[in-house]
A.B. asks: 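Sharing a structure, written as structure tokens. Questions coming.
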There are 2 protein chains.
Amino acid sequence: MPDQKLRNMLQKRGLKATSQRMIILDYLMSHKTHPTAEMIHADLQTISLATVYNTLEKLVDSGLVVVIDSHDDKRHFDYYGEPHYHIINQKTHEIIDANNFDVQPLLDAARKASGLNISGYHIELYGVDPKDAK
Amino acid sequence: MPDQKLRNMLQKRGLKATSQRMIILDYLMSHKTHPTAEMIHADLQTISLATVYNTLEKLVDSGLVVVIDSHDDKRHFDYYGEPHYHIINQKTHEIIDANNFDVQPLLDAARKASGLNISGYHIELYGVDPKDAK
DNA sequence: CCTCTTTTTTAGAATCATTCTAATATAATA
DNA sequence: TATTATATTAGAATGATTCTAAAAAAGAGG
């Protein structure tokens, strides 16, 4: 991903375009591995763990990145270029991306039920491989 | 909730009906507060915190209870008598129950996308009160 | 209602992902 | 290029959750 594009993505959202932020954003955009902060830090050794956490928080707040709670006690992160949701294998904790459904009816129902403006969502489904089922 | 009913709910799911489990299950069924383990422990002072955690894990595994990740860094728990989902106020962290929508199309789409048997789900929506919006 | 065996409970210690601190460095702007 | 606000960093601190190992209770079968 070219530098200038990363810079624009950050600045458009009111974030200073530091080299660490560009590197982390580029990393997330080019990896479909749903990494944890620790995994990002391990791969990008020149960036401190604190900065990885700080940057992820900013990227999540800006909407560029989402958190996935995979129930293995660590937060996973995913670049959110296209709206999608996650299906988590309960045995292996593998995280699968899916995007073939329309969330709008759900958002409308939520708005009606709560009176809140819906600003985001997490949809996570848990599944077991049929060949693992007892 | 009568003792015998709580006992049956646990035993039907292969869990020994200890007094601690019955008390915690009864607590969750009668409170709509989405408590944390610490809150439950504070209210039920005779039950150790370790047992509260152990019991919640069993109840979640059995499907009687669900975990809510409200992004305040503590897990909240909710008795899952009727399928429903949660809307979380991003400012106050208040958790609102909602049940007025049909998740089946979503589960079918997830099964098709992943090839997994869908065994559970978390649907959490985040919203802001219109009067808090800038 | 007595074993017996397995599972559960418990207090306290341990873990470890995440957050905080406060000193240094860098980005944005004029 | 100076200024000022914001970001980065290493290391310490936090705190929710998990672990440990010993004592207690549940459930099954006589």
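Order of the sequence lines sets the chain letters (A, B, ...), proteins ahead of strands, with each chain counted from 1.
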A.B. asks: State plainly whether one hydrophobic cluster holds both B/M39 and B/L44, where clusters connect Ile, Leu, Val, Met, Phe, Trp and Tyr through side-chain heavy atoms under 4.5 angstrom apart.
C.D. replies: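 No; tracing contacts between hydrophobic side chains, which count when under 4.5 Å, never links both residues.
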A.B. asks: Counting only side-chain heavy atoms from C-beta out, which of C/dT10, D/dT8, D/dA16 sits nearest to B/K74?
C.D. replies: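 Closest nucleotide among those given: D/dA16.
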A.B. asks: Side-chain N or O of A/R75 less than 4.0 angstrom from OP1 or OP2 on C/dT19?
C.D. replies: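 So the side-chain polar atoms of A/R75 do come within 4.0 Å of the phosphate oxygens OP1 or OP2 of C/dT19, strictly under.
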A.B. asks: Give the rounded distance in Å between these two atoms: CD of B/E57 and P of C/dT7.
C.D. replies: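 Roughly 15 Å, once rounded to whole Å.
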A.B. asks: Mind checking if A/K16 touches a base, just sugar-phosphate, or nothing, with heavy atoms under 4.0 Å?
C.D. replies: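 Here A/K16 touches the bases of the nucleic acid.
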A.B. asks: Kindly point out which of D/dC19, D/dT8, D/dG27 is positioned nearest to the side chain of A/Q20?
C.D. replies: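 Among D/dC19, D/dT8, D/dG27, the one nearest the side chain of A/Q20 is D/dT8.
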A.B. asks: Over how many whole Å does the gap from B/I40 atom CD1 to C/dT9 atom P extend?
C.D. replies: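 Rounding to the nearest Å, CD1 of B/I40 and P of C/dT9 are 14 Å apart.
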A.B. asks: Mind checking whether A/L64 and A/V66 sit in one hydrophobic cluster, side chains of I, L, V, M, F, W, Y counted as touching below 4.5 Å?
C.D. replies: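 Different clusters.
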A.B. asks: Take the protein atom CG of A/L49 and the nucleotide atom P of C/dT21, then report the distance between them rounded to whole Å.
C.D. replies: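 My rounded result for the distance is 17 Å.
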A.B. asks: Taking for each residue the nucleotide of DNA chain D with the nearest heavy atom, is it B/Y53 or B/S19 whose nucleotide lies nearer the 5' end?
C.D. replies: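 Nearest-nucleotide comparison on DNA chain D picks B/Y53.
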A.B. asks: In this structure, how many angstroms lie between the P atom of C/dT8 and the CD1 atom of B/I47, rounded?
C.D. replies: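 Between P of C/dT8 and CD1 of B/I47: 15 Å.
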A.B. asks: Please tell me which of A/T51 and B/E38 maps to the more 5' nucleotide of DNA chain D, matching each residue to the nucleotide holding its nearest heavy atom.
C.D. replies: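 Result: A/T51.
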A.B. asks: I need the CD1-C1' distance between A/I24 and D/dT8, as an integer number of Å.
C.D. replies: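 Answer to the nearest Å: 10 Å.
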A.B. asks: Strictly below 4.0 Å: does A/T18 bring a side-chain N or O up to OP1 or OP2 of D/dT8?
C.D. replies: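 Checking A/T18 against D/dT8: at least one side-chain N or O falls below 4.0 Å of OP1 or OP2.
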A.B. asks: Scan B/Q11 against the nucleic acid and name what it touches under 4.0 Å (heavy atoms): base, sugar-phosphate only, or nothing.
C.D. replies: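 Since only primed, P, OP1 and OP2 atoms lie under 4.0 Å of B/Q11, the category is sugar-phosphate.
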A.B. asks: In whole angstrom, give the distance that lies between atom CZ of A/R21 and atom C1' of C/dA25.
C.D. replies: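 In whole Å, C/dA25 C1' lies 14 Å from A/R21 CZ.
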A.B. asks: Looking at every strand, decide which applies to A/D73 at a 4.0 Å heavy-atom threshold: base, sugar-phosphate, or nothing.
C.D. replies: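 A/D73: backbone/sugar contact only, no base atoms under 4.0 Å.
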A.B. asks: Is it possible for you to say whether A/M9 and A/L28 belong to one hydrophobic cluster, with membership spreading through side-chain heavy-atom contacts below 4.5 Å?
C.D. replies: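 Yes; A/L28 is reachable from A/M9 via cluster members.
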A.B. asks: Answer yes if the ring centres of A/H76 and A/H86 are under 6.0 angstrom apart, and no otherwise.
C.D. replies: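 Not close enough - the centres of the two rings lie 6.0 Å or further apart.
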A.B. asks: Can B/Y79 be reached from B/Y53 by stepping across I, L, V, M, F, W or Y side chains whose heavy atoms are under 4.5 Å apart?
C.D. replies: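 Different hydrophobic clusters.
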A.B. asks: In whole Å, I'd like the distance from the CG atom of B/N54 to the P atom of D/dA21.
C.D. replies: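 Rounded to whole Å, this separation is 16 Å.
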A.B. asks: For A/H41 and C/dC16, give me the distance from atom NE2 to atom P, rounded to whole Å.
C.D. replies: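 About 16 Å, once rounded to whole Å.
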